[in-house]
Structures are given as C-alpha cells and as structure tokens.
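The structure under discussion appears below in the form of structure tokens.
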There are 2 protein chains.
Amino acid sequence: MTMTRPVFPTPDHDHGRCAADAIAHAEQVCRNRAQKLTPIRRAVLEALLSSHRPLGAYEVIDQLAAERARPAPITVYRALEFLMANGLVHRIESRNAYLACAHHHDAASMVAFLICERCGSVGEIVAGPATQSLNDAARRTGFAPKLSVVEITGTCAHCQA
Amino acid sequence: MTMTRPVFPTPDHDHGRCAADAIAHAEQVCRNRAQKLTPIRRAVLEALLSSHRPLGAYEVIDQLAAERARPAPITVYRALEFLMANGLVHRIESRNAYLACAHHHDAASMVAFLICERCGSVGEIVAGPATQSLNDAARRTGFAPKLSVVEITGTCAHCQA
DNA sequence: GCTTTTATGCTGCAATGCAACAAAAATATT
DNA sequence: AATATTTTTGTTGCATTGCAGCATAAAAGC
C-alpha cells in the first residue's frame with residue numbers, strides 16, 4: 001500500500017512502469033482477498049491502464065476487441081464492477097467513465113479527481129482533510145455520510161503551457 | 001440572493017411555499033438577465049420543484065405528460081440546459097438526474113449535495129471552506145480548477161430514525 | 001465424482017442523451 | 001406594418017450507456 005504523492009500524471013512519466021505496477025498491485029490485492037483476477041478482468045484493467053484518461057465502457061470493449069473476441073457489454077460491466085468493488089478502478093460519475101486507480105490508496109481514504117478538460121487526463125489527490133471537513137459539515141445537519149464523490153474539472157499544469 | 005442555512009429539507013416543511021419561492025426567484029433571475037422563462041421551462045422547473053428528489057429527464061417527461069402533450073426528450077433536455085445555465089437547476093452526476101435548486105445561492109458559491117439513499121431526498125450545503133481547500137490542494141499540483149462536483153451519499157437525519 | 005459456487009456468454013432491451021433539420025414564435029429593422 | 005433576424009419549439013431518428021434473465025462453462029468444496 002504505497003502512498004504516492006498527490007500529483008497529476010505528467011505526460012513524460014514512465015507509463016509502462018506505472019501500468020505494470022498497477023497490475024502487480026491488483027494481483028496482490030486479489031491474492032490477499034482471495035479474489036480472482038481472471039483474464040477478462042485483467043484485460044479490462046489493462047485497457048484502462050493504457051492511459052490516465054477515463055474510458056467509457058464501450059471504449060473498453062473496443063480496446064479489447066483488438067486483442068480478442070469482442071466481449072459483450074455486460075461482460076465488461078461485470079469486470080468493471082469487480083474491479084471497482086476491489087478498489088482497483090474508479091468510476092468518474094461526471095463522465096460515465098472508468099479510470100484505473102494508479103494510487104494504491106487504502107479503500108477507506110477519500111480521493112478527489114482532477115479532470116483536465118483539455119487533455120482528458122485525470123489525477124487523483126488524497127483529499128483527507130477537505131473531504132473530512134465536508135463530511136463533518138454534513139454530519140452537523142444530521143446527515144450520515146457514507147460515500148463521497150468529488151470531481152474537479154479544470155486544466156492540468158501541462159495543458160496550461 | 002437570500003443565503004439560506006445549509007440544511008436538509010425536513011419532511012414537514014411548507015413545501016408549497018418552498019416551491020412558490022423558487023418559482024418567484026426564477027422569474028426574478030430571468031428578468032434580471034433578460035432570459036425568457038417560457039411555459040415549458042417553467043413547467044420543467046415546477047416538475048423538479050414537486051419534490052426535493054432529483055428526477056431523471058424521463059421522469060420529468062412523465063410528469064409533464066400528465067398536464068400537457070407529452071414533450072419529446074430533447075425538449076426537456078433543452079429546458080434543463082437553460083435552467084442549469086441560469087443556476088436554477090443542478091445536475092446530480094452520480095444519479096444522472098436533475099434537482100431544482102432550492103437555495104438561491106449566487107452562481108459562484110460552491111455547493112455540495114447530500115443524497116439520502118433511503119428517501120432519495122437531496123440537500124445542499126454551501127461548502128465554501130471545504131471546497132476551497134480542495135481547490136487549493138488541486139492548485140498546489142499545478143491544476144487550475146474550474147468546476148467542482150461534490151456529492152455525498154448517506155442517510156438523512158429523518159431516515160436514521 | 002458430484003455438488004455448489006463463481007464466472008462467462010448470449011439475447012434482448014430499458015434508460016439516457018442528443019444531432020439535424022423544420023416550423024413557429026418572438027425581436028429587431030427599415 | 002412588413003420584412004428580416006434571432007430564439008424557441010417540434011419531429012424524426014439514432015447513438016450511448018447500462019443491465020436483466022437465462023444458459024453454459026469453469027472452479028472450488030465435499
């Protein structure tokens with residue numbers, strides 16, 4: 001459970017390494033939790049790991065179709081569900097799209113997504129204090145928070161240049 | 001621009017009043033901005049104001065169909081777009097649904113939505129400091145935030161009883 | 001080996017959302 | 001007022017997202 005720094009993926013980072021790490025991490029998680037990272041699940045994860053852009057379910061299908069028999073939508077949705085349940089993939093609600101988690105944060109920690117509207121890349125920041133204070137504000141109204149979605153759209157450092 | 005308190009709508013509040021206020025406010029806003037609150041736009045807003053639950057576009061259609069000729073989806077989407085552009089309606093991303101703004105906050109202020117997963121009601125809290133600190137965290141990574149989506153799912157005070 | 005659980009495949013369809021063009025209504029212009 | 005222009009609404013059609021329900025295959029447990 002490495003705690004990476006809260007950064008936006010730079011365009012020149014070693015992405016092969018980054019993706020390989022994520023796969024290794026996924027294997028680790030599944031082994032620990034006695035879950036099965038089947039070929040399809042792995043393939044879906046790899047498709048998402050091919051970039052730091054969230055992919056729609058049908059984009060995932062298209063990517064998989066290049067390598068194997070085109071999977072039915074439901075197949076991909078099921079794999080995505082599995083991956084999300086195990087904290088390996090996030091759903092970006094404001095885009096109806098899915099993002100491989102490059103962060104290795106523990107399941108409990110709350111993350112915020114930074115979505116660059118120019119290049120489409122998404123960074124995660126571990127937003128502990130801020131979401132904590134949001135949750136507190138909610139609790140003060142008697143509301144019992146369970147799950148937070150924080151998605152910030154804007155322009156990433158690289159695209160501002 | 002009344003600044004209401006950050007609360008979850010109680011089940012026993014005077015909803016007729018609450019909805020009437022919102023309509024009056026909408027008229028005011030449109031007058032100020034030289035925008036036209038046409039019959040359809042008003043009807044869509046009224047449909048959303050019938051509850052504090054976000055409605056899907058097709059739920060809005062169903063509601064309107066009870067009163068007038070069933071509008072085509074695109075008609076409702078256009079009205080929703082107009083209402084959102086003028087800050088009268090919010091889109092709840094995690095639900096693909098739309099919520100009449102009962103808040104009268106100014107356009108700039110950032111709000112977080114509290115979504116009760118039991119009764120489906122949604123409250124708004126003006127989440128200034130917290131989202132501010134989120135935005136700051138984002139900026140620290142070089143990201144220029146523009147628009148924030150904060151949606152917190154949980155259980156409202158009333159439903160915990 | 002057989003049963004039970006888990007995962008995948010297949011067919012079909014519901015829900016969401018919008019593009020492109022046509023008609024109508026409101027506004028502006030001379 | 002008549003015409004031109006802009007804004008809004010209507011119509012048709014379709015793309016995208018998402019999943020239900022049942023059948024089959026593979027893996028795990030006894």
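Proteins get letters first, then strands, A, B, ... in listed order; numbering begins at 1 in each. Quick caveat, the model's predicted, so the values are computed rather than measured.
For the salt bridge (charged side-chain N to carboxylate O under 4.0 Å, His left out) test, residues two or more places apart in sequence or in another chain that qualify with E93(B) are R91(B). Taking F113(A) as the reference, H90(A) meet the ring pair (Phe, Tyr, Trp, His ring centres under 6.0 Å) condition, with sequence neighbours excluded. The salt bridge (charged side-chain N to carboxylate O under 4.0 Å, His left out) check on R78(A) picks up nothing, with sequence neighbours excluded.
In this entry the distance linking CD1 of I40(B) with P of dT11(D) reads 10 Å, nearest Å. Rounding to whole angstrom units, CD of residue Q35(A) and P of dA28(D) are separated by 12 Å. In this structure, R41(B) places its CZ atom 12 Å from C1' of dA25(C), rounding to the nearest Å.
Of the residues in residues 48-79 of chain B, those lying under 4.0 Å from DNA chain C by heavy-atom distance are Y58(B), P73(B), I74(B), Y77(B). Within residues 81-97 of chain B, the residues approaching DNA chain C are R91(B), N96(B), by heavy-atom distance under 4.0 Å.
Under the 4.5 Å side-chain criterion, counting only non-hydrogen atoms from C-beta, H158(B) is not in contact with S121(B).
Between the side chain of Q160(A) and the backbone N or O of T155(A), at least one donor-acceptor pair lies under 3.5 Å. At least one donor-acceptor pair closer than 3.5 Å links the side chain of E59(A) to the backbone N or O of G56(A).
Of the candidate nucleotides dT9(D), dT8(C), dT6(C), dT6(C) has the atom nearest to the side chain of K36(A).
Residue V149(A) belongs to a hydrophobic cluster whose other members are L147(A), with links defined by side-chain heavy atoms closer than 4.5 Å.
A salt bridge does not link R140(A) to D136(A): none of the charged side-chain nitrogens sits closer than 4.0 Å to a carboxylate oxygen.
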